Structures are given as structure tokens and as C-alpha cells.
Amino acid sequence: MTELGLYLTKKSVNKAEIARRTGISKARLTQLTNNTTTKLTAEELWKIALAIDITPGSLLTEVCGHITLPQN
């Protein structure tokens with residue numbers, strides 16, 4: 001499961017409702033939440049954040065906050 005998937009599960013968010021509100025297909029949402037090699041676009045992140053009533057920056061932090069720069 002992806003970080004987005006974990007976050008949406010933790011918040012008990014209905015993916016069908018997100019699909020309806022954002023125009024992102026259910027199949028694409030399934031890819032974004034289950035497949036760790038699927039890349040989330042900025043537009044998708046923005047729409048999902050608006051659909052679940054949080055700021056896009058907050059969702060970005062939740063989804064990508066674990067990423068760090070490589071050590072030199």
C-alpha cells in the first residue's frame with residue numbers, strides 16, 4: 001500500500017466519493033493507493049486534498065514527508 005493509501009485508510013475516506021468529486025477514475029485511485037510504483041501527479045494530489053477538505057500542502061506532507069535527501 002502507498003503512503004496515500006495508508007493515509008486515506010487511516011482517515012476512513014471513501015475512494016468512490018473521491019473519484020466522484022475529483023473526476024479521477026476509481027481504477028486510477030486504486031493504482032495510486034495500492035501500487036508503490038505508480039506516480040501521483042501534483043494535479044491529482046491537489047484534487048484529492050480538496051475533495052477530503054485538507055490543504056494540498058498537508059496532504060503533500062502526509063504522502064511525501066518521509067522522503068529525505070541522499071547523504072553526501
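The analysis underlying the following values was restricted to heavy atoms, covering all of them including side chains, and did not include hydrogens, waters or symmetry mates. Being a predicted model, the structure only gives us computed values, none of them experimental. For reference, positions follow the sequence shown, starting with 1.
With sequence neighbours left out, the salt bridge (Lys or Arg N to Asp or Glu O under 4.0 Å) criterion links Arg20 to Glu17. A search for side chain to side chain contact (heavy atoms under 4.5 Å, CB included) contacts involving Glu44 returns Ile24, Arg28, Leu32, Leu40, Thr41, not counting sequence neighbours. Scanning for side chain to side chain contact (heavy atoms under 4.5 Å, CB included) contacts around Thr30 gives Asn34, with sequence neighbours left out.
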query = For Ile48 and Leu4, what are the C-alpha separation, side-chain angles and deciding distance, and is it a side chain to side chain contact (heavy atoms under 4.5 Å, CB included)?
reply = CA-CA 10 Å; Ile48 292 167; Leu4 176 62; 4.0 Å; yes
Please tabulate, one pair per line, all N/O donor-acceptor pairs under 3.5 Å involving side-chain atoms of residues 56-63, not counting sequence neighbours.
residue: Ser58; atom: OG; partner: Thr55; partner atom: OG1; Å: 2.7
residue: Thr61; atom: OG1; partner: Gly57; partner atom: O; Å: 3.0

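Counting only residues at least two apart or in different chains, side-chain hydrogen bond (donor to acceptor under 3.5 Å, both in side chains) contacts with residues 6-15 comprise Lys15-Thr33. Under the salt bridge (charged side-chain N to carboxylate O under 4.0 Å, His left out) criterion, no residue pair touches residues 63-72, with sequence neighbours excluded. Listed by first and then second residue, the salt bridge (charged side-chain N to carboxylate O under 4.0 Å, His left out) pairs involving residues 31-43 are Glu43-Lys47 (not counting sequence neighbours).
The CG atom of Leu8 sits 5.5 Å away from the CD1 atom of Ile52 when rounded to the nearest 0.5 Å.
Other members of the cluster containing Trp46 are Leu50, with ILVMFWY side chains joined at under 4.5 Å, either directly or via other members. Leu6 belongs to a hydrophobic cluster whose remaining members, ordered by chain and number, are Met1; membership requires side-chain heavy atoms of ILVMFWY residues under 4.5 Å apart, directly or through intermediates.
Looking only at side-chain heavy atoms (C-beta outward), Ile18 and Val13 come within less than 4.5 Å of each other.
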